[in-house]
Amino acid sequence: MSPAKDTEPARSRLRAAEHLKRTGDFRHVYRNGNRARGEWMTVAACENGLDRTRLGLSVGRVAWRRAVRRNRVRRIFREAFRLERAALPNGVDLVLIAVPGSAPDLDSARQELVKLANKAWRRYRRKIEERGREASET
RNA sequence: CGAGAGGUCCGGGCGGCCGCCGCGGGGAUUCGUCCCCGGGGAGGAAAGUCCGGGCUCCGCGGGCCAGGGUGGUUGCUAACGAAAACCGGCCGCGAGGCCAGGGAAAGUGCCACAGAGAACAGACCGCCUAAGCGCGGGGCUCGCCCCGCGCCGGCAAGGGUGAAACGGUGCGGUAAGAGCGCACCGCGGCUCCUGGUGACAGGGCCGGCACGGCAAACCCCACCCGGAGAAAGACCAAAUAGGGGAGCAUAUGGCGAUGGCCCGCGUCGGCUCCCGGGUAGGUCGUUCGAGGUCGGGCGCGAGCUCGACCCUAGAGAAAUGGUCGCCGCCCCCCGUUGGGGGGAUACAGAACCCGGCUUACAGGACCUCUCGCACC
RNA sequence: CGGGGCGUGGCGCAGCAUGGCUAGCGCGCUGCAAUGGGGUUGCAGAGGUCGGAGGUUCGAAUCCUCUCGCCCCGA
């Protein structure tokens with residue numbers, strides 16, 4: 001099913017709670033999470049032990065020298081996250097790494113975010129299950 | 001009407017819906033935060049970081065040197081290498097534009113190629129044969145004179161080379177010439193005069209000219225510059241490790257410390273409490289300022305000054321967004337009276353602040369001036 | 001925020017502190033020779049606004065100023 005159509009419910013996002021800010025949080029996702037790559041972004045997903053999903057953005061300065069372009073990509077990703085929150089797994093930290101030089105639009109970013117987030121999340125769950133089995137076998 | 005010069009300003013508008021970041025008020029709270037209402041939320045360049053300052057910390061007796069910067073004058077400024085007015089030079093018919101624009105008689109160095117000669121220069125072609133010497137011819141009043149050639153020489157006008165050749169034009173002068181002489185122009189000098197705050201300008205007198213260019217070559221002179229930068233810096237302050245102090249315990253121990261043993265002391269290790277430094281994290285710095293807008297006064301101007309009014313983003317893995325509708329501006333097509341359809345709407349995003357500079361930019365508005373043509 | 005470096009034929013580099021000689025070298029490219037054909041080789045040859053704009057100078061790739069793009073380092 002395509003992203004939930006614009007039935008326009010009120011969905012405010014709590015910056016402080018749902019936005020990754022600390023270097024430690026980012027490093028945790030990079031080190032322990034799993035990734036899925038698409039046309040506009042690479043999504044890294046990792047369990048966070050909370051009852052909500054948090055968003056982290058990585059938009060490199062090398063990819064776009066002009067700040068306007070970087071802000072544009074950030075805003076599109078953030079808006080996509082806001083609108084598609086219901087279709088995303090819960091209790092997960094997601095880090096969106098922008099593909100250098102790309103120019104995503106909102107609709108395709110929404111579709112890709114949902115697809116890649118769930119893909120990365122499935123990979124993470126499978127990894128955890130395998131580790132659990134190995135641990136129980138030992 | 002055409003071509004052009006200088007300058008100022010703007011850089012989409014309105015309204016829904018869903019969101020984001022501060023601020024104020026109210027409410028809820030498990031003190032993490034959440035909800036409601038009100039109001040604010042990118043630029044002319046916020047950019048590049050090329051200059052200058054404020055601010056903060058560090059350093060600091062003074063002087064000299066090194067290093068860097070600036071370079072006509074006078075004003076302006078917090079300050080500047082920016083900008084202003086003026087002076088000088090160059091360019092343009094003109095409005096105007098451009099100029100790192102001190103010193104080359106303090107020293108060192110460089111000036112390729114061409115050319116005879118390139119720095120207190122030089123004679124290739126060329127011009128001359130007056131003086132001196134020699135030869136030939138002629139004349140003669142036998143002293144010499146005239147003509148031609150050569151030697152010794154003279155000259156730097158003309159040709160030619162070059163980016164540059166020891167000033168230009170004219171007249172005189174001469175064997176030919178040359179500032180050799182003179183006039184004008186240029187150049188240099190002066191304890192001269194006049195005007196100007198001054199750079200300088202105009203004039204006077206003196207000098208026949210002595211002084212090529214390059215200091216964005218080294219350099220000399222004058223003036224300016226302490227260093228680092230908001231990750232500056234100030235404060236609060238975990239966990240863990242370590243430091244200092246006090247007390248306790250020294251039942252066992254190591255070391256000071258011996259051939260061995262005992263007592264006592266110190267110290268290390270143990271426990272309790274206290275103190276200070278730093279890290280994670282947090283708060284401040286952080287937005288009221290050389291501040292804007294309007295008006296008055298002074299000044300040619302940069303600018304100064306007085307009064308009234310205004311408060312104008314403050315994030316921190318970093319807000320200012322998404323979407324829909326209507327309109328404006330520009331372009332294209334159909335229709336060409338009103339309309340219909342399509343496209344385009346730039347450059348670019350605050351991170352301590354301010355004064356300049358530079359660069360990017362769809363499109364647009366306005367002011368002043370110059371030249372040419374036509375008409376009144 | 002602060003500091004440093006690079007830009008020269010299609011590619012990789014030299015030349016720049018001491019301005020002037022033809023902007024040089026390797027690879028590549030084109031033509032010819034050699035071969036049945038190709039490679040190798042040999043001989044010719046083309047190709048450069050010295051990133052851009054001003055300035056200094058008689059003369060600038062070289063010196064100065066501004067500017068564009070790229071790369072690196074420190075906190």
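Every chain is numbered from 1, with letters handed out A, B, ... down the list of sequences. Bear in mind that the values here come from a model prediction, so they are computed numbers and not experimental data.
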With syn defined as a glycosidic angle within 90° of 0 and anti as everything else, classify [N].
{"N": "B:A210", "value": "syn"}
{"N": "B:G32", "value": "syn"}
{"N": "B:G136", "value": "anti"}
{"N": "B:U336", "value": "anti"}
{"N": "B:G115", "value": "anti"}

Write down the partner of [N] under the Watson-Crick or G-U wobble criteria, each distance required to be under 3.5 Å.
{"N": "B:U258", "value": "none"}
{"N": "B:A230", "value": "none"}
{"N": "B:C140", "value": "none"}
{"N": "B:G177", "value": "none"}
{"N": "B:C298", "value": "B:G303"}
{"N": "B:C326", "value": "B:G13"}
{"N": "B:G321", "value": "B:C18"}
{"N": "B:C248", "value": "B:G270"}

B:G321, B:A348, B:U320: which one has an atom nearest the side-chain heavy atoms of A:R66? B:A348
Which nucleotide in B:G322, B:G349, B:A348 has an atom nearest any side-chain atom of A:A67: B:G349
Taking any heavy-atom pair under 4.0 Å as a contact, classify A:R72: base, sugar-phosphate, or nothing. sugar-phosphate
Select base, sugar-phosphate, or nothing to describe what A:R75 touches, counting heavy atoms under 4.0 Å on all strands. base
Atom CZ of residue position A:R70 - does it have more than 12 heavy atoms of other residues, nucleotides or ligands inside 6.0 Å? yes
Can you see which heavy atom on [X] is nearest to which on [Y], and at what distance?
{"X": "A:V73", "Y": "A:A98", "answer": "CG1-CB, 3.9 Å"}
{"X": "A:A36", "Y": "A:R123", "answer": "CA-NH1, 3.9 Å"}
{"X": "A:W64", "Y": "A:G101", "answer": "CZ2-N, 3.5 Å"}

Take atom [atom1] in [N] and the same atom in [M], then report the distance between them in whole Å.
{"N": "B:A348", "M": "B:G12", "atom1": "P", "result": "15 Å"}
{"N": "B:C110", "M": "B:C219", "atom1": "C1'", "result": "14 Å"}
{"N": "B:C98", "M": "B:C347", "atom1": "C1'", "result": "30 Å"}
{"N": "B:C206", "M": "B:C193", "atom1": "C1'", "result": "15 Å"}
{"N": "B:G162", "M": "B:C113", "atom1": "P", "result": "14 Å"}
{"N": "B:G356", "M": "B:C329", "atom1": "P", "result": "36 Å"}
{"N": "B:G68", "M": "B:C57", "atom1": "C1'", "result": "24 Å"}
{"N": "B:A234", "M": "B:U279", "atom1": "P", "result": "11 Å"}

For RNA chain C, what is the dot-bracket line, given that a base pair needs Watson-Crick (N1 to N3, plus N6-O4 or O6-N4) or G-U wobble (N1-O2 and O6-N3) geometry with both distances under 3.5 Å, and | means paired with another strand? (((((((..((((......[...)))).(((((.......))))).....(((((..]....)))))))))))).
Between [X] ([atom1]) and [N] ([atom2]), how many Å, whole number?
{"X": "A:R69", "N": "B:A348", "atom1": "CZ", "atom2": "P", "value": "6 Å"}
{"X": "A:L94", "N": "B:A317", "atom1": "CG", "atom2": "P", "value": "19 Å"}
{"X": "A:N71", "N": "B:A47", "atom1": "CG", "atom2": "P", "value": "13 Å"}
{"X": "A:E79", "N": "B:G321", "atom1": "CD", "atom2": "P", "value": "12 Å"}
{"X": "A:R70", "N": "B:A42", "atom1": "CZ", "atom2": "P", "value": "20 Å"}
{"X": "A:L106", "N": "B:C18", "atom1": "CG", "atom2": "P", "value": "17 Å"}
{"X": "A:R82", "N": "B:C18", "atom1": "CZ", "atom2": "C1'", "value": "5 Å"}
{"X": "A:L57", "N": "B:A319", "atom1": "CG", "atom2": "C1'", "value": "13 Å"}

Is A:R65 near enough to C:C70 that one of its side-chain N or O atoms lies under 4.0 angstrom from OP1 or OP2? yes
Does the plane of the ring in A:F26 sit parallel, tilted or perpendicular to the ring in A:Y30? Use 30° and 60° as the thresholds. tilted
Between A:S58 and A:V68, just flag the one whose closest nucleotide in RNA chain B comes earlier from the 5' side. A:S58
A:L55 reachable from A:V99 in the ILVMFWY side-chain graph, under 4.5 Å edges: no
Are A:L83 and A:L88 connected in a single hydrophobic cluster, I mean Ile/Leu/Val/Met/Phe/Trp/Tyr linked by side-chain heavy atoms less than 4.5 Å apart? yes
A:E79 bridged to A:R82 by N-O distance under 4.0 Å: yes
Short N-O contact, A:E18 and A:R85, less than 4.0 angstrom: yes
Taking atom CG of A:L113 and atom CZ of A:F81, what is their separation to the nearest 0.5 Å? 8.0 Å
